[in-house]
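What follows is a short report on a single structure.
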Amino acid sequence: MQQPATHAPTAVRVNGTMLPQFVTKTVMVPGKVIAPSNGQHLTLQAADGAQILVHVNQAVSPSVQFLEVTGVAEPDGSVRMVSFAEFPDTVDMALLNDAIQLQFTHSHLFMDG
């Protein structure tokens, strides 16, 4: 008998203001690195300008300026990294923040259930 496929948790793209609504949930937080990784954490300026402490689980090059962290939102407002994707230096954070807000304003278009 074939086992059902396991799925990775669905991540929701959020900004810093929204983060407390998703404690213990998997989130994606795009932002600008304002304090490079010291091997344990880095500081990210989220799309809405909020600063978020990210507990890293892998090396992040000091040359990375913009990235999107996928991880678990912690009760203290930090994010425990699972993975990350580098963004180009030309990313428009204000536009990205608008898109994040729109996904909640029109959640019937963007989210399951």
Side-chain angles (χ1 to χ4, degrees):
M1 183 169 165
Q2 187 176 13
Q3 294 293 320
T6 58
H7 299 283
T10 302
V12 176
R13 186 168 283 116
V14 299
N15 63 27
T17 304
M18 298 169 176
L19 197 57
Q21 299 171 47
F22 295 94
V23 172
T24 73
K25 305 288 187 222
T26 302
V27 295
M28 295 181 298
V29 185
K32 179 178 183 177
V33 178
I34 56 174
S37 175
N38 65 5
Q40 295 181 356
H41 62 269
L42 61 80
T43 303
L44 191 68
Q45 182 177 21
D48 64 345
Q51 292 188 17
I52 300 170
L53 182 69
V54 177
H55 303 280
V56 299
N57 67 345
Q58 57 192 289
V60 178
S61 170
S63 66
V64 173
Q65 291 187 33
F66 294 93
L67 55 77
E68 180 170 68
V69 173
T70 300
V72 177
E74 298 289 333
D76 64 0
S78 66
V79 174
R80 189 156 307 280
M81 178 190 286
V82 173
S83 64
F84 75 93
E86 192 171 340
F87 275 10
D89 294 345
T90 57
V91 67
D92 182 333
M93 295 305 286
L95 184 59
L96 186 52
N97 190 55
D98 289 345
I100 290 168
Q101 292 176 345
L102 279 172
Q103 80 176 350
F104 288 93
T105 304
H106 302 287
S107 60
H108 63 285
L109 298 174
F110 296 96
M111 296 181 192
D112 294 335

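Here the closest non-hydrogen pair linking Ala11 and Thr70 is CB-CG2, 4.4 Å. Scanning both residues, Leu53 and His41, for their nearest heavy atoms gives CD1-CD2, 3.1 Å. Contact detail for Gly31 and Met93: the closest heavy-atom pair is CA-CE, 3.2 Å. The minimum heavy-atom distance between Leu44 and Val29, with the atom names listed, is CD2-O, 3.5 Å. Across Phe22 and Ala73, no two heavy atoms sit closer than the pair O-CB, 3.3 Å. Val82 and Asn57 make their closest contact through O-ND2, 3.1 Å (heavy atoms, listed as atom of the first residue, atom of the second, distance).
Criterion: ILVMFWY side-chain heavy atoms under 4.5 Å apart, direct or through other members. Under it, Leu67 and Val56 are part of a common hydrophobic cluster. At a threshold of 4.5 Å between side-chain heavy atoms, the hydrophobic network of Ile, Leu, Val, Met, Phe, Trp and Tyr places Leu42 and Val64 in one connected group.
The CZ atom of Arg80 sits 5.0 Å away from atom CD of Glu74, with the distance rounded to the nearest 0.5 Å. Remark: Met28 CE to Thr10 OG1 distance equals 9.5 Å, nearest 0.5 Å.
Looking at Met18 and Ile100, their side chains come closer than 4.5 Å, going by heavy atoms from C-beta outward.
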| request: Walk me through it: do Val54 and Phe84 pass the test side chain to side chain contact (heavy atoms under 4.5 Å, CB included)? | output: CA-CA 11 Å; Val54 177; Phe84 75 93; over 6 Å; no

| message | With side chain to side chain contact (heavy atoms under 4.5 Å, CB included) as the criterion, how do Val60 and Met81 come out once you've worked through the C-alpha distance, each side chain's angles and the decisive distance to 0.1 Å? | response | CA-CA 11 Å; Val60 178; Met81 178 190 286; 4.1 Å; yes

| said: Under the criterion side chain to side chain contact (heavy atoms under 4.5 Å, CB included), I'd like the reasoning laid out for Gln65 against Val91: C-alpha separation, chi angles, the key distance, then a yes or no. | reply: CA-CA 10 Å; Gln65 291 187 33; Val91 67; over 6 Å; no

Solution key, residues 45-52 side-chain donor-acceptor pairs under 3.5 Å, sequence neighbours excluded:
residue: Asp48; atom: OD1; partner: Gly16; partner atom: N; Å: 3.1
residue: Asp48; atom: OD1; partner: Ala50; partner atom: N; Å: 3.2
residue: Asp48; atom: OD2; partner: Gly16; partner atom: N; Å: 3.4
residue: Asp48; atom: OD2; partner: Thr17; partner atom: N; Å: 2.9
residue: Asp48; atom: OD2; partner: Thr17; partner atom: OG1; Å: 2.5

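Applying the salt bridge (charged side-chain N to carboxylate O under 4.0 Å, His left out) rule to Glu86 yields no partners; only residues at least two apart in sequence or on another chain are considered.
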